[in-house]
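Chain A is the first sequence line, chain B the second, and so forth, proteins listed ahead of strands; every chain is numbered from 1.
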Number of protein chains: 2
Amino acid sequence: MSDVKAQLQEAFERTGLRQTPQRYDVLAWLVRHRKHATAEEIFDAVNRTNQRLSRATVYNALHALVESGLVRPVAGEGAAARFDATLDRHHHFICDRCGSIEDLTWFDLPSKAMQAAAGGRSVRQVEITLHGICQRCARGKTKQATASV
Amino acid sequence: MSDVKAQLQEAFERTGLRQTPQRYDVLAWLVRHRKHATAEEIFDAVNRTNQRLSRATVYNALHALVESGLVRPVAGEGAAARFDATLDRHHHFICDRCGSIEDLTWFDLPSKAMQAAAGGRSVRQVEITLHGICQRCARGKTKQATASV
DNA sequence: TCCAACTTTAGATTTAGTCTAAATAGTGTG
DNA sequence: CACACTATTTAGACTAAATCTAAAGTTGGA
């Protein structure tokens with residue numbers, strides 16, 4: 001319990017992210033409930049104990065936490081937004097800064113290890129996305145950015 | 001040109017998806033423009049040449065195309081919707097049927113090949129998601145589903 | 001203590017995506 | 001070819017998710 005508390009505090013310090021009660025609550029909830037929650041679920045849950053917590057703050061907190069690497073956004077379900085009609089196999093690269101998506105040439109995966117990790121589940125498709133800074137942005141020609149949520 | 005046309009027709013036949021002018025236009029546009037477009041961009045573009053094309057139809061068409069494997073949804077930018085506060089490394093499994101997200105134990109990737117594919121880009125993080133049918137759904141205990149876009 | 005920067009808040013606003021009911025198009029059968 | 005049946009499209013209303021805004025509240029450092 002207080003173990004977790006210490007761990008979280010340490011995490012905030014380590015990343016240099018200012019710790020506010022709201023951010024702490026959001027992170028703590030996410031750590032406690034290991035499900036992959038939506039912003040709305042987090043809002044509802046945290047709001048139940050901490051009455052006046054604004055929806056916008058949940059989004060702010062999540063942004064900040066993702067930014068500093070303590071939380072990872074996962075694209076599930078209908079959260080697609082972009083489409084790709086390629087019939088050839090390839091992977092993707094997404095730029096943290098400008099959000100652009102680029103195709104990468106295909107490389108094979110360790111299917112043995114993958115099968116093991118998948119357990120009994122039947123796998124239809126594997127999706128690999130690398131995140132980082134694209135070459136345009138690296139060269140400082142940053143156009144603009146829309147931060148990821 | 002007409003080469004592409006034949007290829008697309010072939011693709012429709014192969015997947016058994018009924019070919020309609022709207023679906024054809026959407027797929028053709030996606031093939032021609034290799035960018036990873038949003039539904040809105042596709043709507044705007046296709047609508048420019050094919051005047052009366054409804055927004056809903058673009059979504060319908062995309063659904064159908066994704067369903068039959070001709071188009072792949074890519075989660076970019078703000079399209080996250082779910083969050084995950086884990087400090088331990090892991091991969092994800094998303095069920096096509098019920099949309100649930102499960103954690104998979106970590107397995108290493110072929111970093112050599114990956115580096116090569118990444119070219120000069122600096123990679124901060126790698127994200128791996130397997131798609132398929134989860135064990136609950138496989139057992140027929142399907143609760144319900146929200147189809148992926 | 002005071003200031004400046006940062007954060008939170010409530011609620012309005014924007015945007016993406018879905019839904020609906022009616023019209024249209026396509027398919028197979030006799 | 002006519003028929004009935006099913007699938008698809010349409011416009012626009014609707015819903016839900018996320019962002020924005022301006023004002024109020026916190027915080028840490030000089």
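If you measure from atom CG of A:Asp25 to atom P of C:dT8, you get 11 Å, rounded to the nearest angstrom. When the C1' atom of C:dT15 is taken as reference, atom CZ of B:Arg55 falls 10 Å away, rounded to whole Å. Rounded to an integer number of Å, the gap from CD of A:Glu40 to P of D:dT19 is 13 Å. Across the protein-nucleic acid pair, A:Tyr59 atom OH and C:dT15 atom P stand 16 Å apart, rounded to whole Å. A straight line from CZ of A:Arg82 to P of C:dG17 spans 10 Å, rounded to a whole angstrom.
A:Thr57 comes within 4.0 angstrom of a base, heavy atoms only.
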Donor-acceptor list for residues 104-115 of chain B side chains, cut-off 3.5 Å, not counting sequence neighbours:
residue, atom, partner, partner atom, Å
B:Trp106, NE1, B:Asp108, OD1, 3.0

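In this structure, A:Gln22 reaches the C:dT9 phosphate: one of its side-chain N or O atoms is under 4.0 Å from OP1 or OP2. Checking the phosphate oxygens (OP1, OP2) of D:dT8, a side-chain nitrogen or oxygen of B:Arg23 falls inside 4.0 Å.
Comparing A:Val58 and B:Ala39, the nucleotide of DNA chain C nearest to each residue sits closer to the 5' end for A:Val58.
Counting only residues at least two apart or in different chains, salt bridge (Lys or Arg N to Asp or Glu O under 4.0 Å) contacts with residues 122-134 of chain A comprise A:Arg124-B:Asp96.
In summary, the side chains of A:His90 and B:Arg72 do present a donor paired with an acceptor at a separation below 3.5 Å, with no hydrogens or angles considered.
When the nucleotides C:dC19, C:dT8, C:dG11 are ranked by their closest atom to the side chain of A:Ala56, C:dG11 comes out on top. Out of D:dT19, C:dA10, C:dT27, the shortest distance to the side chain of A:Ser54 is found at C:dA10.
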- Evaluation steps, side-chain contact (heavy atoms from CB on, under 4.5 Å), between B:Leu27 and B:Phe12: CA-CA 10 Å; B:Leu27 182 57; B:Phe12 275 107; 4.0 Å; yes
